[in-house]
Number of protein chains: 2
Amino acid sequence: MRPGPKRAFTGDDVLDAALALMDAGGPPALSIRRIAAALGVTPNAVYTYFPDKSGIEQALIERLLGEVNRSAPDSGDWRADLETLAVDLRRRLTAHPGAVPLLLGGAMNGPEALLLGERLLEILARGGLPAGAAARAAYLIMVYVLGAIALEVADVPQTGALSPETERIAARRTAMSQVPAELFPRTAASVDVSAAWIGTDQYLWGLHRVLDGLPAT
Amino acid sequence: MRPGPKRAFTGDDVLDAALALMDAGGPPALSIRRIAAALGVTPNAVYTYFPDKSGIEQALIERLLGEVNRSAPDSGDWRADLETLAVDLRRRLTAHPGAVPLLLGGAMNGPEALLLGERLLEILARGGLPAGAAARAAYLIMVYVLGAIALEVADVPQTGALSPETERIAARRTAMSQVPAELFPRTAASVDVSAAWIGTDQYLWGLHRVLDGLPAT
DNA sequence: GTTAACTCTGCACGGCGTACAGAAATGGTG
DNA sequence: CACCATTTCTGTACGCCGTGCAGAGTTAAC
């Protein structure tokens with residue numbers, strides 16, 4: 001069927017290596033030359049499977065969102081389904097903090113991104129929200145879900161390895177505890193609370209406050 | 001007082017040039033060599049005023065947030081003040097879409113960023129929110145305000161010049177209208193609404209839905 | 001066996017951040 | 001005035017980056 005020599009690696013191998021690099025050092029650590037080195041090939045070999053670097057980033061986003069789309073909650077309770085979807089998305093993204101800037105800065109235009117939006121709208125429609133309100137509500141919820149993850153990740157300094165969750169929390173605590181209390185008393189007073197925001201419970205607290213603010217059916 | 005030759009440019013000139021580059025082409029267009037070229041000096045001259053590139057980015061963020069901090073609304077109505085603060089922040093950031101990824105991906109640890117958080121907490125305290133709830137509510141509101149801006153900007157393709165507002169809206173419309181309706185019927189149906197989300201009214205609609213969900217005094 | 005398709009290598013180019021040494025210009029001090 | 005310490009900016013260079021181009025090597029189809 002296919003002429004040519006046996007493949008030394010696949011496009012999936014490229015994404016595996018790319019994700020490992022992102023986890024280790026964030027977006028600046030992602031380079032084609034490093035991916036190629038990790039795979040034991042020359043840099044240009046990567047261009048066999050991807051047109052350019054942004055193609056790799058796009059595929060990486062699609063893979064992450066695709067994992068979220070794999071599970072389709074349909075418990076009958078639309079609010080519980082929405083919660084499941086948000087928690088799933090948050091877990092996938094916080095597991096790979098280095099990829100979050102990519103998702104925010106890059107385009108969410110791929111098929112998996114659209115499918116995710118479609119599922120969000122479907123759940124809201126099941127909740128009985130009118131069409132126009134559903135579109136706006138979906139926007140509001142996506143703002144909250146993605147924004148919360150982004151802020152959570154943004155507090156962590158991007159330089160150096162930060163893969164273990166414990167290391168992330170520690171880095172965040174030290175960064176926040178450097179706030180001079182005499183200049184910013186309120187911020188300094190909320191440092192302890194800030195450290196607790198990491199938890200899933202607080203994340204869901206915010207989501208439900210958003211849901212409570214939605215227009216009723 | 002100060003020995004040495006007369007200065008050919010200042011640190012402010014560097015930030016001016018940097019902001020112009022970001023407005024024209026987003027973060028990838030920001031380079032020390034381009035800044036130096038715009039100022040008519042050699043690249044290393046920039047290092048007279050900034051230790052490295054991230055120092056420039058940090059100062060750029062601080063300048064933008066500082067402009068928001070310059071106006072201190074105190075109308076007596078805490079909810080109106082919060083609205084003013086959010087709209088101010090949104091206006092400053094959407095005026096420079098290329099700088100938003102910097103703000104999200106970079107650190108919000110500078111003095112102006114802390115002052116902004118301090119003012120946010122002060123307004124909420126005036127609203128009578130209890131201390132612990134205020135900290136969580138401030139987090140929720142910042143999530144919404146920053147997240148909304150980020151999503152708004154994220155829909156615009158980053159490549160190429162996109163400074164005029166009209167061009168941004170046009171680019172967004174075309175990007176969204178490419179959604180295949182047979183695969184993503186709900187998303188495609190909301191395209192028109194999506195194009196309208198740009199307006200300040202819709203932005204405030206979302207903010208007030210968040211405020212409505214906050215615990216009462 | 002020949003050929004066409006495909007994978008991967010080697011080389012090269014321009015751009016990037018920035019380290020290092022040094023020239024040029026200035027104000028303070030004798 | 002001359003001298004000097006200080007500051008500003010230049011010149012050169014290094015290693016990394018994405019990637020264009022030509023071509024070597026390998027395979028399946030005819």
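Lettering follows sequence order; numbering is per chain, from 1.
- Using a 4.0 Å cutoff on non-hydrogen atoms, the parts of residues 43-55 of chain A near DNA chain C are A:N44, A:A45, A:T48, A:Y49, ordered by number.
- In this structure, the side chains of B:V145 and B:L85 stay at 4.5 Å or more apart for every pair of heavy atoms.
- Remark: A:S31 pairs with no residue by the side-chain hydrogen bond (donor to acceptor under 3.5 Å, both in side chains) rule, at least two apart or across chains.
- Extent of DNA chain C lying under 4.0 Å from chain B heavy atoms, first and last nucleotide in 5' to 3' order, is C:dC16 to C:dG28.
- Place B:P5 and A:G4 on DNA chain C by their nearest nucleotides, and A:G4 ends up nearer the 5' end.
- Within the structure, ring-ring contact (aromatic ring centres under 6.0 Å, His included) contacts touching residues 13-44 of chain A (residues at least two apart or in different chains) do not occur.
- A:D52 and A:S54 form a side-chain donor-acceptor contact under 3.5 Å, judged by distance and modelled atom types alone.
- In this structure A:E83 satisfies the side-chain hydrogen bond (donor to acceptor under 3.5 Å, both in side chains) test together with A:H208, sequence neighbours excluded.
- The distance between atom CE of A:M1 and atom P of D:dA29, rounded to the nearest whole Å, is 7 Å.
- DNA chain D is contacted by both B:K6 and B:P3; B:P3 maps to the nucleotide lying nearer its 5′ end (nearest heavy atom per residue).
- Counting any heavy atom pair closer than 4.0 Å across all strands shown, B:R33 reaches a base atom.
- Legend: ring-ring contact (aromatic ring centres under 6.0 Å, His included) pairs involving residues 19-45 of chain A, not counting sequence neighbours: none detected.
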